[in-house]
Amino acid sequence: MKAFVQMETDSRLESSLWVDSRRCAAVLTGWHFKWTEVDKRSRDKNSVSVPVAEVVGVEEGKVEVLPHKTVEDTDKDFTVFYVKRSSSPGSCGLLWRLGRTQFSCPSRVLRDQWIKNLRIAVKTHTPLRPHRLLVFINPFGGKKKARQIFHSLVAPLFELAGISTHVIVTERANQARDHLLKKDLTGFDGVVCVGGDGMFSEVLHGAIGRTQQEAGACENDPGVTLQPCPLHIGIIPAGSTDCVCYATVGVIDPVTSALHIIIGDSQPLDVCSVHHGFALVRYSVSLLGYGFYGDVLVESEKHRWMGPLRYDYSGSMVFLSNRSYTGTVQYLPADPLLSSPRDNTRCLSGCSVCSRSTERLFPNSSDSGSLYSSYSEHFHNDLEGEWVTVEGRFKCVSLTCMSSSCARSPMGLSPSAHLADGTGDLVLVWDTNPLNFLKFLYRHTSTEDQFDLPFVEVHRVKAVRFCLAGDTKEEEIRVLSDEMDIEAGGHVRSGSRNGSQQHLAEKATGMMTTSEEKTVTPFTCCLCCKKPSAVSVWNCDGEILPFTEISCKIHGQLVRLYARGIEDKAAIHHCSQERDTCNKTCMQGRSLP
Ligand SMILES: CCCCCCCCCCCCC/C=C/[C@@H](O)[C@H](COP(=O)(O)O)NC(=O)CCCCCCCCCCCCCCC
Ligand SMILES: Nc1ncnc2c1ncn2[C@@H]1O[C@H](COP(=O)(O)OP(=O)(O)O)[C@@H](O)[C@H]1O
Ligand SMILES: [Ca+2]
């Protein structure tokens, strides 16, 4: 703390500077860099205040980076690059752009002093800024523009911020996951995926798996306490749904996401582990859905060529097929005193529910080194409590660890869910007529409450189990044996398109994650099948699970993203005052420890 105060005093600086030949009074305090035009004719002083935490880079001379980097090397000038909130309509300040101001000084000595002090201030206030990143690009995700997006929009910003990268353009599904599981990761501060939710999921599996390997934790044990991942994950959206990006940043925009990565924002995220018996099947963060969402995914895989539109087409087809499924759902409710999925709140940047969860999960986190042990202690009794059982016929059963908002549904699957509170929201939609179900679906597209319907239930939970009724169990075995060539006892003999021994071994131990497996024939075709199946499949963040009977547990804040959650538009005012004197809820002080 002592050293920090010293540093703050060191970086403080005040002088006159010129911006486009207009004289400004510039001041650098610990937290802000502010310049105010000194113009006697004007009564309204034109003032700009940039939080030091949002400075992207400070360069000598007059520098431009877009469309190409140019430097006019003069010894009295310097250029500051920073985060600028776009005022474009509808963006609510969530869309970020690179701001740039060129300053001229009366002398070279003063210029060098400004550069030095600004750089010191940035270093002091943003300890999580990455220096070296491992980047995976999925060239086939979304509209197949990931490579172009990274090289034209993101790489120049990383270079400006002094971030070095090791870029891998993937050549097959699961390459990113396997790299993270097996290769040397020394020196990397974080991993960035350029792609969609499927690509994020790969990186998530790699990062979690690697951390557990190194900690000696058994991922297959459904009761295991998983260790939080030390590597931060960044997402540059270039996929179809991009729900994880949307729900943690508020917009789908590669430049905004790149800037969050550069300034080292940090957003913890809950993760749900999915088990079948004593084997890990997958992890999920956005949508674990049985029934409608499972059927939509199966159908959509046949129409991948349509790109992101495949979900709308398949959604309509599955809706028209009007199916419902029986099953038994068991859930372990979360503490109702902490929050509720019907409390009409939104999880926003700096969310108090998630902050309280951080205190519970990491009680001694200020004491470095004790992070893991305190997390483990918390989880020793995390599955205590009374399970609730419901059984019947459902249109869909969904579990989400966060709101899962996306462009299709700006409020998301569960608008009041929290990113990092250690719980998930379980949505049960009982069998109903097509008009009612359409009403439910349609409400996802507006602010109308989709839970305020008599055939819908929502519960905030810590864990969930799902199993089939006796007759549907037999159906599942029959269909699985037909479609996936499964031996009695549940072992997979050969995948429909996937003969690799390694993959079979993975299936047997529960790590089932190949994209080829996504192409497994659905249990029934949506409209053309004569006899609809009694079982659906689970859609796990866009992957089809090869098991229907599963148990799930939410692991609070298991990973961290380079994001900050969604900033409340009411709180974003472009504050020109010092943080301490500002009496509004100033977002510009958000990166305070
Ligand atoms: C009538 C309009 C109904 C709109 C209903 C919108 C519900 C949207 C919920 C979205 C939750 C998204 C959760 C994210 C899941 C992703 O992890 C995952 C993978 O994403 P990736 O391919 O980018 O890697 N995405 C998905 O599984 C996609 C699920 C999308 C479901 C969309 C369903 C659209 C339904 C349209 C129904 C239309 C009925 C019309 C009747 C005439
Ligand atoms: N080079 C590749 N070839 C084929 N599939 C890949 C490749 N790289 C990644 N994948 C897989 O593609 C799937 C979809 O990727 P994603 O980037 O999420 O796009 P989308 O949002 O369009 O589904 C992911 O499950 C990922 O594992
Ligand atoms: Ca949560």
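Being a predicted model, the structure only gives us computed values, none of them experimental. When a ligand or atom number is given, it counts from 1 through the structure's own listing order.
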Handout entry: Minimum side-chain heavy-atom gap His459-Pro333 below 4.5 Å
Key = no
Exercise for the section: Run the contact test for Arg304 against ligand 2 with a 4.0 Å cut-off on heavy atoms, strictly below, and give the result. Expected result: yes
Problem - Minimum-distance atom from the Ca ion (ligand 3) among N, O or S atoms of Asp421 - result: OD1
Exercise for the section: Pick, from Gly542, Gly315, Ser404, the option with the minimum heavy-atom distance to atom 18 (C) of ligand 1. Expected result: Gly542
Practice task
Tell me, please, if Thr423 has any N/O/S atom, main chain or side chain, under 3.0 Å from the Ca ion (ligand 3)?
Solution key: yes
Practice task
Kindly confirm whether the Ca ion (ligand 3) is within less than 3.0 Å of some N/O/S atom in Cys347?
Solution key: no
Handout entry: Among the N, O or S atoms of His418, the one nearest the Ca ion (ligand 3)
Key = O
Problem - Geometric N/O contact Gly142 with ligand 2, under 3.5 angstrom - result: yes
Problem - Any Arg310 heavy atom less than 4.0 Å from ligand 1 - result: yes
Exercise for the section: Select one of side chain, backbone, both or neither to describe which atoms of Glu301 lie under 4.0 Å from any atom of ligand 2, heavy atoms only. Expected result: neither
Practice task
Number the atoms of ligand 1 from 1 as they appear, then name those within less than 4.0 Å of a heavy atom of Leu441, with their elements.
Solution key: 3 (C), 4 (C), 5 (C)
Practice task
For ligand 2, note which part of Glu543 has a heavy atom under 4.0 Å away: side chain, backbone, both or neither.
Solution key: side chain
Completion exercise
Counting heavy atoms under 4.0 Å, the part of Lys143 that contacts ligand 2 is neither
